[in-house]
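See below for the structure under consideration.
Source: prediction; values computed, not measured. The basis for the numbers below is simple: all heavy atoms, side chains too, and nothing from hydrogens, waters or symmetry mates. Along the sequence shown, residues carry numbers from 1.
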Amino acid sequence: MNKDIIRAIAAELKIEISQVNNTLSLLEDGNTVPFIARYRKEATHGLDEEQILYIQKQYDYQLKLAERKENVLKLISEQGKLTDEIKIAVNGCDKLSQVEDLYRPYAQKKKTRAAVAIKAGLQPFADWILTFPARGDLKAEAGKYINEEIKTVDDAIQGAKDIIAEAVSDNASLRWAFKENILKSGSIVTKIKKRAVDERKVYEMYYDHTERISSMADHRIMAIDRAEKEKVVTVSFLYDKDRCKEKAYVTISSIRPAGGRYNAPAAPAYPKAAPEIEAAIRDAVSDGCDRLLLPGVEREIRSDLSTRAQNKSIEIFSMNLEKLLLQPPLKGRVVMGFDPAFRTGCKLAVLDATGKVLHIDKIFPTKPNIDLAGSRSTMLKLIKEFKVAIIAIGNGTASRESEQFVSDLIRDNHLDVSYAIVSEAGASVYSASEIARTEFPDLHVEERSAVSIGRRLLDPLAELIKIDPQSIGVGQYQHDLPEKDLAARLDEVVMKAVNRTGADLNTASPELLTHISGLNKAVAKEIVNFRNTNGRFTNRRQLLKVSKLGPKAYTQCAGFLRIVGGDNPLDETSIHPESYDAASKLMKACGVTELGAADIEFPVAKTSSLDIDSYTLKDIEDAIKQPLRDYRDQFQGVLLKSDILDIKDLHVGEELMGTVRNVVDFGAFVDIGLHEDGLVHISHMSRKRIAHPSDLVAVGDIVKVWVYGIDENKGRVQLSLVEP
């Protein structure tokens, strides 16, 4: 392993070199990130999943960077142009893009104007011009290069200028200086295009907009990118181009030609050339800036801004998804999934406490086929027959009308029933998927959707895991993000959430098992097949009998798979089988005979003599005290309601409770019971300045808000987290 890279990563994360070394060794041995984070804390000194992932990604990137540096130096050396200055410059790069900038003058180019001129023999002429001869005759010198390809003096002069122009463009120091200058003092300008189509005026603020690049927020970058892509606006840069050209002239004139390349360190001063020659150089420099260098720098800046904004958006999406997946389950209650609709009727699915479907039905409480009496009768019958405790109403089409119906039913009949509005994002995707068809082959798509909505209350993680994360709808400009990068990051979040929660080996779906440490789709399927053939698992060791699941996979997955009511009580805990002997020693030393007893204590005097590292000891102690503890229980549960809110009843200053549905750069959307979520703008989140809304709120949080703006026509409500 590369010691320099390891040292740099440790410094960046502010951790010990040994932590990075040990982490990389564990990864190299085939251990998964969740396994290392949970069961190898003694080696990593408690690094979490995000730190381990960062070490993994950064080390891989730095290896690629080191490899590219080596290749570039080799390629330049093969051309006989490698100098100590180039070596120092290349080895000093900390980004791949910087290495490519330095290699640009030496790379094989396509058929550029400069390449054609060099092939025609004009490189020495360009070199002569850049000696800044004070008494030289430009045309007389050009005449020496007339040949079959260069027909005239003017052709020779233009060819030499093309070579100089490309040299300007290839100069890495100029490229970096211009980029830094434009980022600091330049602006982005957007103008509406002629015949642009923006009927809803989504991009109205960008019709005539100028903004300093240094202060551009990521969500505005994404909005501008989308507006440009949809051909609503044009995007340009505003900065001092004349100043750039003068700097380029000074730089190119202070560099002595070296084999036709102009990337050497600049001399402190430059000579005064003959007027005709100076004019030619200035023309070439201006052309190099206008045609090659500045457009390239602008493209690079746009690309960097877009990448930065996309990465931020991916992180916001992943943060929101993690919070959504880790919402606490509603345990031990019968739930009714309610999928609202108008013409086709509302679908109902009654589920027991485990998510098993007890009954499917349909009612028509909304127009055009309204049947209020029949709908009330069916609902009351199902609620009483199955002892329904909570109704989960999807927040899609007809949600507002359905909520009114359910609220009236509860109030008029004095029912001891609550309801919750559940995001149904992705429910239709799941309902039509192969997973849903396999799970419920006899149900219609809409009926499967009602089941999914109900299960999202009972166990959000187990249900949402069946849906492509990109369909869950808790992102920001998610459709503009690079699919591969987004999918990879969301997979990491799902992996983290699933393994922190663990899974019941006897009830977990194949989709949930697929994300458990050490398992994949094929092995997950084999676990379910084994369960179906042999009955429920009674101990973790039985996993070794599952086809395709070897000892290595067993080590990685066993601790995350729980067995309730099995042969060994430790199997229902998060204690790994490799630590069962340590757990037994601990229990014996402290006189513990039963897991989860209220009076369990672990005196230091008795535990200090045991050969158990401090991290493992603490985890074992916690698991013995709370064997069935659910990681998700530490978070806020769903907001249960029994009455409805109407925008007409609202007034500015009113205090409400709501659920955070989405967090974005500019604020958070909060469900307060209206058809549309209210927006808490970042400026109304705190009396103090905050860097990002995620500093204060997360998806699923139940928050107290105050109304400060109402637009009845648009159905929009502006909210504040700050009491008036």
Side-chain angles (χ1 to χ4, degrees), residues 16 18-19 21-23 25-27 29-49 52 499-506 508 516-519 536-546 549-631 633-634:
E16 298 295 324
S18 61
Q19 291 175 273
N21 262 324
N22 292 344
T23 299
S25 295
L26 287 164
L27 289 166
D29 288 343
N31 295 289
T32 67
V33 172
F35 178 81
I36 296 170
R38 182 77 176 96
Y39 297 113
R40 291 296 179 264
K41 292 177 182 176
E42 75 282 3
T44 69
H45 288 197
L47 295 181
D48 63 24
E49 296 94 337
I52 295 168
N499 288 284
R500 283 197 170 186
T501 303
D504 187 322
L505 185 52
N506 286 309
I516 290 291
S517 167
L519 303 183
R536 67 189 306 275
F537 286 87
T538 57
N539 65 76
R540 282 169 166 165
R541 294 291 300 175
Q542 287 176 292
L543 283 165
L544 290 168
K545 297 180 181 180
V546 174
L549 200 159
K552 183 73 175 181
Y554 173 77
T555 299
Q556 299 298 308
C557 74
F560 301 103
L561 296 171
R562 318 288 172 78
I563 300 173
V564 180
D567 300 336
N568 187 341
L570 293 177
D571 282 349
E572 68 183 30
T573 73
S574 59
I575 300 172
H576 196 281
E578 66 185 9
S579 297
Y580 280 5
D581 287 345
S584 297
K585 284 182 189 176
L586 176 65
M587 292 174 71
K588 184 177 180 180
C590 299
V592 177
T593 58
E594 182 184 355
L595 300 180
D599 58 349
I600 293 178
E601 292 185 3
F602 298 102
V604 176
K606 294 184 177 181
T607 61
S608 58
S609 61
L610 300 174
D611 186 20
I612 308 173
D613 70 87
S614 59
Y615 291 102
T616 304
L617 178 63
K618 184 179 184 310
D619 286 344
I620 292 174
E621 288 177 352
D622 290 344
I624 290 173
K625 287 180 180 179
Q626 296 178 292
L628 296 176
R629 178 180 176 270
D630 192 319
Y631 177 80
D633 289 342
Q634 63 187 292

Open item on the list: Under the rule for side chain to side chain contact (heavy atoms under 4.5 Å, CB included), what residues qualify as partners of Pro577, not counting sequence neighbours?
Closed with: Arg540, Tyr554, Ala558, Tyr580

TODO: Only counting residues at least two apart or in another chain, list the ones meeting side chain to side chain contact (heavy atoms under 4.5 Å, CB included) with Gln542.
DONE: Phe537, Thr538, Asn539

For residues [X] and [Y], determine if any side-chain heavy atom of one lies less than 4.5 Å from a side-chain heavy atom of the other.
X      : Y      : answer
Val592 : Phe602 : yes
Leu519 : Leu549 : yes
Asp48  : Arg500 : yes
Leu505 : Leu543 : yes
Lys552 : Asn31  : yes
Asp504 : Arg562 : no
Asn506 : Ile563 : yes
Met587 : Leu595 : yes

Value rounded to 0.5 Å, distance of [atom1] in [X] from [atom2] in [Y]:
X      : Y      : atom1 : atom2 : value
Phe560 : Ile516 : CZ    : CD1   : 7.5 Å
Tyr615 : His45  : OH    : NE2   : 5.5 Å
Ile52  : Arg40  : CD1   : CZ    : 11.5 Å
Leu610 : Cys590 : CG    : SG    : 7.0 Å
Ile36  : Leu26  : CD1   : CG    : 5.0 Å
Leu570 : Ser584 : CG    : OG    : 6.0 Å

Open item on the list: One pair to check against side chain to side chain contact (heavy atoms under 4.5 Å, CB included): Leu561 and Asp571. What are the steps and the verdict?
Closed with: CA-CA 8 Å; Leu561 296 171; Asp571 282 349; over 6 Å; no

Main chain of [Y], side chain of [X]: is a donor-acceptor contact present, judged purely on distance under 3.5 Å?
X      : Y      : result
Thr616 : Ile612 : no
Thr555 : Pro551 : yes
Thr23  : Thr44  : no
Gln556 : Thr32  : yes

Contact summary for [X] and [Y], nearest pair of heavy atoms:
X      : Y      : answer
Ala553 : Gly518 : CB-O, 3.7 Å
Ala605 : Ser608 : O-OG, 3.7 Å
Glu49  : Ala37  : CG-CB, 3.9 Å
Leu586 : Ile624 : CD2-CD1, 4.1 Å

Determine whether more than 12 heavy atoms belonging to other residues, nucleotides or ligands lie under 6.0 Å from atom [atom1] of [X].
X      : atom1 : result
Glu16  : CD    : no
Asp581 : CG    : no
Glu601 : CD    : no

Task: Salt-bridge criterion met for Asp619 and Lys41 (N-O under 4.0 Å) - done: yes

Task: Under-4.0 Å salt bridge between Glu621 and Lys606 - done: no

Open item on the list: Between Ser517 and Arg38, do the side chains contain a donor N or O and an acceptor N or O under 3.5 Å apart?
Closed with: no

